Amino acid sequence: MDTIVVGFGKLGKALALELLKKNRLYAIVSHHLPLTEEANQFTQNKVRIVKKISELEKLTGSAFICSNDDQISEVVKEIALNFRNELVGKIIIHCSGIHSHKILDELKKLGAYTASAHPLQTFYYYHSEIFQNIYWIVQSENFEQIEKVLKEIGGNPILVDFDERQRAIYHTSAVVSSNFLNSLLLFARKLITQIPLESKVLIPLIEQTLKNNLTNFSEINSFPLTGPIVRKDFETIRKHIDALSLTPNLQQIYLEYLKITLLLCKELGILTDEEIHTIEHNLNLQNLKKT
């Protein structure tokens with residue numbers, strides 16, 4: 001089934017390359033792609049590249065909307081306006097994590113099979129196996145048709161029926177798993193660049209820490225935490241804070257992660273309110289946070 005990809009950000013690009021590899025890509029709709037050399041690899045394979053949906057000659061069997069969240073409604077209007085009489089039986093999927101399938105209702109009323117299908121993966125770098133065995137979180141009233149399309153790409157679709165709050169919490173968990181983890185790893189690299197030591201020495205530690213967490217990942221209270229916090233080693237933590245006094249931004253980040261870890265320890269019952277209060281008092285955290 002030939003497919004159209006609307007939007008050429010990180011996900012749109014990865015999806016386009018994957019479909020190109022499978023010889024299933026008909027067209028890419030992107031404002032900026034036609035002006036770049038990157039377009040050549042697609043046009044050489046007879047993929048149509050257009051700036052607007054109205055420039056498409058036809059609507060193929062399926063289309064993935066990979067536009068920014070705030071642009072999806074406009075894309076829906078453009079598809080409805082230009083292909084009103086061609087939508088019966090066509091599969092239209094948007095890939096936003098925050099929006100449900102309801103944002104595509106105008107196209108559903110015109111006969112399309114519609115879905116929200118969010119891939120639980122990060123697409124900063126594309127590689128040939130990036131879609132293999134990932135989960136797609138799907139909201140749709142046409143799951144049978146959607147499931148077939150996603151499995152052909154290489155994913156494992158999971159049908160859900162989230163309300164608005166549940167959907168937001170789901171997307172938050174995905175952001176924490178990817179973006180926040182990225183920020184923590186960047187923080188570790190920024191710290192070690194303060195001293196004459198290569199950042200690569202941290203890789204085995206990071207890999208083992210991830211393995212420790214993934215071993216019992218399905219257990220909600222699993223928190224394989226080691227180090228000065230669980231030992232209540234105030235002097236070591238104090239030395240960390242003092243050492244970062246010449247880099248106040250890094251010191252503040254350390255304090256915020258310390259606070260977050262203390263809250264998680266409280267959530268899991270690893271530390272009591274009294275113990276956390278003692279740690280904050282001994283480290284004078286309240287005054288440090290105000291500076």
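Owing to the predicted nature of the structure, the values given are computational and were not obtained by experimental measurement.
At least one donor-acceptor pair under 3.5 Å links the side chain of Gln251 to the backbone N or O of Ile241. Side-chain atoms of Ser140 come within 3.5 Å of backbone N or O of Thr114 as a donor-acceptor pair. No side-chain donor-acceptor contact under 3.5 Å links Lys239 to the backbone of Glu235. When atom types are taken as modelled, the side chain of Thr261 and the backbone of Tyr257 share a donor-acceptor pair closer than 3.5 angstrom. At least one donor-acceptor pair closer than 3.5 Å links the side chain of His94 to the backbone N or O of Ser100. Not a single donor-acceptor pair under 3.5 Å links the side chain of Asp233 to the backbone N or O of Ile229. With Ser222 contributing its side chain and Glu219 its backbone, the two residues share no donor-acceptor pair below 3.5 Å. A donor-acceptor pair is defined here as one N or O able to donate and one able to accept, closer than 3.5 Å; such a pair exists between the side chain of Glu275 and the backbone of Thr272. Side-chain N or O atoms of Asn40 include one that pairs as donor or acceptor with a backbone N or O of Glu37 at under 3.5 Å.
For the pair Thr172 and Ala168, the tightest heavy-atom approach, listed with the atom from each and the gap, is OG1-O, 2.7 Å. Here the closest non-hydrogen pair linking Ile28 and Ala16 is CD1-CB, 3.9 Å. The nearest pair of heavy atoms linking Ser173 to Ser177 is O-OG, 2.8 Å. Of all heavy-atom pairs between Ile134 and Leu120, the closest is CB-O, 4.2 Å. Nearest heavy atom pair, residue Asp2 against residue Thr60, reads O-OG1, 3.2 Å. Scanning both residues, Cys95 and Cys66, for their nearest heavy atoms gives SG-SG, 4.1 Å.
A salt bridge between Lys52 and Glu78 is absent, with no side-chain N of the basic residue lying under 4.0 Å from a carboxylate O of the acidic one.
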* To do: Could you go through the salt bridge (Lys or Arg N to Asp or Glu O under 4.0 Å) check for Lys148 and Glu144 one step at a time?
  => CA-CA 7 Å; Lys148 182 179 179 182; Glu144 183 178 349; over 6 Å; no
* Go through Lys102 and Glu141 one step at a time and tell me if the salt bridge (Lys or Arg N to Asp or Glu O under 4.0 Å) criterion holds. => CA-CA 10 Å; Lys102 297 295 185 184; Glu141 295 170 9; 3.6 Å; yes
* Apply side-chain contact (heavy atoms from CB on, under 4.5 Å) to the pair Leu20 and Asn45, showing each step before the final yes or no. => CA-CA 8 Å; Leu20 180 66; Asn45 287 277; 3.7 Å; yes
* Is there a side-chain contact (heavy atoms from CB on, under 4.5 Å) between Tyr125 and Lys10 once you walk through the steps? -> CA-CA 8 Å; Tyr125 298 112; Lys10 292 289 190 295; over 6 Å; no
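With rounding to the nearest 0.5 angstrom, the CD atom of Glu152 is 9.5 Å from the CG atom of Leu150. The distance from the NE2 atom of His240 to the CG atom of Leu191 is 10.0 Å, given to the nearest 0.5 Å. Between atom NZ of residue Lys211 and atom CD of residue Glu207 there is a gap of 6.5 Å, rounded to the nearest 0.5 Å. Between Cys265 atom SG and Lys232 atom NZ the span is 9.0 Å, to the nearest 0.5 Å.
For Thr215, there are no side-chain contact (heavy atoms from CB on, under 4.5 Å) partners at least two apart in sequence or on another chain. In this structure Asp273 satisfies the salt bridge (charged side-chain N to carboxylate O under 4.0 Å, His left out) test together with Lys266, sequence neighbours excluded. Applying the ring pair (Phe, Tyr, Trp, His ring centres under 6.0 Å) rule to Phe162 yields the partners Tyr170; only residues at least two apart in sequence or on another chain are considered. Residues meeting the ring pair (Phe, Tyr, Trp, His ring centres under 6.0 Å) test with Tyr113, sequence neighbours left out: none. Remark: Glu18 pairs with Lys21, Lys22 by the salt bridge (charged side-chain N to carboxylate O under 4.0 Å, His left out) rule, at least two apart or across chains.
Ile253 and Leu255 fall within a single hydrophobic cluster, where Ile, Leu, Val, Met, Phe, Trp and Tyr side chains are chained together by heavy-atom contacts under 4.5 Å.
A heavy-atom distance below 4.5 Å is not found between the side chains of Ser62 and Ile93. Here the side chains of His101 and Asn142 are not in contact, with every heavy-atom distance at 4.5 Å or above. Using a 4.5 Å heavy-atom threshold, the side chains of Arg238 and Phe234 count as separate. When side chains are defined from C-beta on, Leu271 counts as touching Ile279, because their heavy atoms get closer than 4.5 Å.
Side-chain heavy-atom separations under 4.5 angstrom define the hydrophobic clusters, and the remaining members of the one that includes Leu214 are Phe217. Clustering of Ile, Leu, Val, Met, Phe, Trp and Tyr side chains at separations under 4.5 Å places Val176 together with Val175, Phe180. By the 4.5 Å side-chain criterion applied to Ile, Leu, Val, Met, Phe, Trp and Tyr, Ile79 is assigned to a cluster that also includes Ile4, Val6, Tyr26, Val29, Val50, Ile53, Leu56, Leu59, Ile65, Ile72, Val75, Val76, Phe83, Leu87, Ile92, Ile103, Leu104, Leu107, Leu110. Counting side-chain heavy-atom gaps under 4.5 Å among Ile, Leu, Val, Met, Phe, Trp and Tyr, Ile98 is found in no cluster with other residues.
Ring-plane geometry between Trp136 and Phe131 is classed as parallel, the angle between the planes falling under 30 degrees on a 0 to 90 degree scale with a further cut at 60.
Aromatic pair His171/His118: centroids less than 6.0 angstrom apart.
Side chains of Thr247 and Tyr254: a donor-acceptor N/O pair is absent below 3.5 angstrom, by distance only. Between the side chains of Asp69 and Ser96, at least one donor N or O sits under 3.5 Å from an acceptor N or O.
Within the structure, the salt bridge (Lys or Arg N to Asp or Glu O under 4.0 Å) test picks out no pair touching residues 109-127 (sequence neighbours left out). Counting only residues at least two apart or on different chains, the salt bridge (Lys or Arg N to Asp or Glu O under 4.0 Å) pairs with a member in residues 54-67 are Arg48-Glu57. Residue pairs meeting the salt bridge (Lys or Arg N to Asp or Glu O under 4.0 Å) criterion with at least one member in residues 162-171: none, sequence neighbours excluded.
A side-chain contact (heavy atoms from CB on, under 4.5 Å) with Phe64 is found for exactly one of Leu11, Leu15, Ile91, namely Leu15.
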